[in-house]
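Reading through the structure tokens given below for one structure.
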Protein chains: 2
Amino acid sequence: MPHRRPPTAITLKDLARDLGMSVATTGRAFHPGAVIAPATRARVLERALALGYRPNALAQGIITGHTRIVGVLLSDLLNPFYPEALARLTEAVQQAGFNVMLLVASPAQPVEEALRLLLSYHPEFIIILATSLAGEAAGACQEAGTPVLFLNRHSADPRAHAVICDNRGGAAQVADHLIDGGARRLGFIGGQPGTSTNAERAEGFRARCLARGLPPPLELEAGAFTYQAGYDAALRCLGGPGRPEALFCASDILAAGAMDAARLRLGLRVPEDLAFAGFDDIALASWPSYDLTTLRQPLRRMIELAVEWITRSARGEPLPGGIERIPGELVPRRSSARPADTVLETPF
Amino acid sequence: MPHRRPPTAITLKDLARDLGMSVATTGRAFHPGAVIAPATRARVLERALALGYRPNALAQGIITGHTRIVGVLLSDLLNPFYPEALARLTEAVQQAGFNVMLLVASPAQPVEEALRLLLSYHPEFIIILATSLAGEAAGACQEAGTPVLFLNRHSADPRAHAVICDNRGGAAQVADHLIDGGARRLGFIGGQPGTSTNAERAEGFRARCLARGLPPPLELEAGAFTYQAGYDAALRCLGGPGRPEALFCASDILAAGAMDAARLRLGLRVPEDLAFAGFDDIALASWPSYDLTTLRQPLRRMIELAVEWITRSARGEPLPGGIERIPGELVPRRSSARPADTVLETPF
DNA sequence: ATGAAAGCGCTAACAG
DNA sequence: CTGTTAGCGCTTTCAT
């Protein structure tokens, strides 16, 4: 690192000198609670605006221990659910006066190393928004004393907090809906094995099938939450005899792939030959080409809660702890409509 | 801000005391170039690892003026091109040893204010990855002396640098392809008005049509780079008589919407009744349900260049400046195949 | 090769 | 209400 800050910005000292005041007083103008004469504050702020002065957040962070940085970990930006969640989360975090430092995990780069880099900025909070990444990350954060919140996912680690959709309950709603629609042979396509979302959605679906007196659904693991995985899984699942009459996919993107395989490759009609349901309610689910029945995740509420925890934690309050499960909402669409049903709201 | 850092992490002073050395020497162990006995460095690093010490990036940032923070501005995470680009950009930036601070603009929150917050962390570089956001943002950054790079877009501001796809050339390739396919009446659907991507793609397309001796294409503005906008625009464009034989949409997501409108609402066959082409090559373009001919953006190269500029700028080298245009690649798929064509590579 | 000391930009006691 | 002083965690002369 050869040289020092070249375009050295205007500093508090500069501003103070310009105003003929001490740095202390000048600095106080920028803190709402501080004791300072209103007139003085006004003078300072006006001059600051004119000179384009802004307090250096790094310096503030060092001293106060409050960096107002929130780290967000992402592993899978290709499942459209995550970009949608990221966008809304980031907006909310910004709204609350924090900044998001983004960390994208990839096969190429181990999370561990990137996470250490992130932690060296002393984020006040880490949000893990990813299907995987559970244990590896959480450990390092705890070590650094940084609170961690899982969004849409939870880890086995009991110290970690989580805000998630009620996956079991949601899956049960989907089961009820499909069964009420007349389906008797049900199927489930899972995404990435070993994730809580996957396991809970499978469980909830299976349990409700049994509770309604049906045999357990045919269960299949696609291997990942991707379009391609859904496509391939559907071919395996629907190719043979005794195919299900309704297929619940653990996420919308999986359902999109599966539906396309069913229609374009196997020539099945949806929903006449085969009903479909997904989970998440991503944008694509409402497109006329899919018009996919799904369980909408309560993203707004989930994010509200996450931000509430961030701000609380920043105020030094201890976190309530545990896992917060928020119920989702079933959105019935054409992909699971009964032949007789008139779907009132044709999209677009 | 009532209290001071509660879980106060281990600091360089602590580490030095533990080792019985001065902070100066201890600190030097973490700088590859510094003069320090190899044995001493080894001892320090070993102990640091054991105690979990990591230099505080904020403090380093203040002193050296190098924060190793790259700000990324995003306005539109709902066009799938941007999440894909963001993921790859972030990975590359991390790889280069920087951290991404993400800023998402939304109608609710003006960019201006959020940008000021971001700038207070003194990022070394700002990348604008967005259809809009041009002027507002660039100004504030220049003011702060932070170099700005537009990715996939450029502004009128001559001081800003940009790395973009050769939109005109790409659109011309698409025109050639569609014309070679036998189309004579061509149409163009644009996205968000006033963006450089939009304008250049329209121009390139139109120019090539004229150069090939065809009348100028029917041009339509969808208003935004979204599925819905594409859907609606297609209805307007294809409803009347004399509809085009081939439609070039300024982005894939627009094309997806337009194609669905054509097929599902108007009952047209693609490509028999109407050929389609898009721009970007997002994931969806290769799905069997769209199988969309498109112009693939040279994302890898674009990002390589961006990262190169970041690292150079961090080393204090002045930026080469201007707009770097990288050619894209035509990816012919079924959406524009001639009836006679045998599409060899059926997807999946 | 190492250490002492000054200082980055800022906040937080403490006087006055 | 304002200014002085100390110091956050670190880097960087400048001596030794």
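Letters A, B, ... are given to chains in the order of the sequence lines, protein chains preceding strands, and every chain is numbered from 1. Not measured: the values here are computed from a predicted model.
- Along DNA chain C, the nucleotide nearest to A:F30 and the one nearest to B:R28 differ in position, and the one closer to the 5' end is contacted by B:R28.
- Other residues, nucleotides and ligands place no more than 12 heavy atoms under 6.0 Å from the CD atom of B:E46.
- Nearest-nucleotide positions on DNA chain C place B:T26 closer to the 5' end than the other of B:T26 and A:G27.
- Here the nucleotide nearest the side chain of A:A24, chosen from D:dC10, C:dA4, D:dT4, is D:dT4.
- Comparing D:dG9, D:dC1, D:dG3 by their nearest atom to the side chain of A:P38 picks out D:dC1.
- Atom NE2 of B:H66 is separated from atom C1' of D:dT11 by 13 Å (rounded to the nearest Å).
- A donor-acceptor contact under 3.5 angstrom links the side chains of B:N152 and B:Y82, judged on distance only.
- Rounded to an integer number of Å, the gap from CG of B:L12 to P of C:dG3 is 12 Å.
- Within the 4.5 Å cutoff, no side-chain heavy atoms of A:L119 are placed close to those of B:R54.
- When A:I310, A:L118, A:V70, A:L149 are each tested for a side-chain contact (heavy atoms from CB on, under 4.5 Å) with A:I126, only one passes: A:L118.
- In terms of phosphate contacts, B:Y121 brings no side-chain nitrogen or oxygen within less than 4.0 Å of OP1 or OP2 of C:dG9.
- Within 3.5 Å, no donor on the side chain of B:R54 pairs with an acceptor on the base of D:dG9, nor the reverse.
- Distance NE2 (B:H31) to C1' (D:dC10): 8 Å, rounded to an integer number of Å.
- Put simply, CG on A:L15 is 9 Å from P on C:dC10, counting in whole angstrom units.
- Taking five base pairs at each end of the helix from C:dA1-D:dT16 to C:dG16-D:dC1 and finding the rotation axis that steps the C1' atoms of four pairs onto the next four gives two axes whose angle is 40°, to the nearest 10°.
- One can place CD1 of A:I62 at 16 Å from C1' of D:dA6, the figure rounded to the nearest angstrom.
- Distances from the side chain of A:A37 to the nucleotides C:dT2, D:dC1, D:dG9 place D:dC1 closest.
- Each of C:dG7, D:dT12, D:dG7 was ranked by its minimum atom distance to the side chain of B:I63; first place goes to C:dG7.
- In terms of phosphate contacts, A:T40 brings a side-chain nitrogen or oxygen within less than 4.0 Å of OP1 or OP2 of D:dT2.
- For the pair A:D14 CG and C:dC8 C1', the interatomic distance rounds to 12 Å; values are reported in whole Å.
- Contact check for B:I69 versus A:M101: side-chain heavy atoms found under the 4.5 Å cut-off.
- Neither OP1 nor OP2 of C:dC8 sits under 4.0 Å from any side-chain N or O of B:T64.
- Side-chain proximity of B:N56 to the nucleotides D:dG9, D:dG3, C:dT2 is greatest for D:dG9.
- Nearest nucleotide to the side chain of A:Y53, out of D:dC10, C:dC10, D:dT2: C:dC10.
- Nucleotide C:dA4 holds its P atom 14 Å from the CZ atom of B:R17, rounded to whole Å.
- For the pair A:L77 and B:T90, the minimum side-chain heavy-atom distance is 4.5 Å or more.
- A donor-acceptor pair under 3.5 Å is absent between the side-chain atoms of A:E124 and the main chain of A:S313, judged by distance alone.
- Atom CZ of B:R68 is separated from atom C1' of D:dC10 by 16 Å (rounded to the nearest Å).
- Using a 4.0 Å cut-off between a side-chain N of Lys or Arg and a carboxylate O of Asp or Glu, B:E304 and B:R301 qualify as a salt bridge.
- Only one option out of A:L115, A:L102, A:V148 pairs with A:L73 in a side-chain contact (heavy atoms from CB on, under 4.5 Å); it is A:L115.
- Contact between the side-chain N/O atoms of A:K13 and the OP1/OP2 oxygens of C:dC8 is found at a separation under 4.0 Å.
- Look at B:Q60 and you won't find any side-chain N or O under 4.0 angstrom from OP1 or OP2 of D:dG9.
- Here A:S22 does not reach the OP1 or OP2 of D:dT4: none of its side-chain N or O atoms lies under 4.0 Å away.
- Nearest to the side-chain atoms of B:V35 among the listed nucleotides C:dA1, C:dG3, D:dT2 stands C:dA1.
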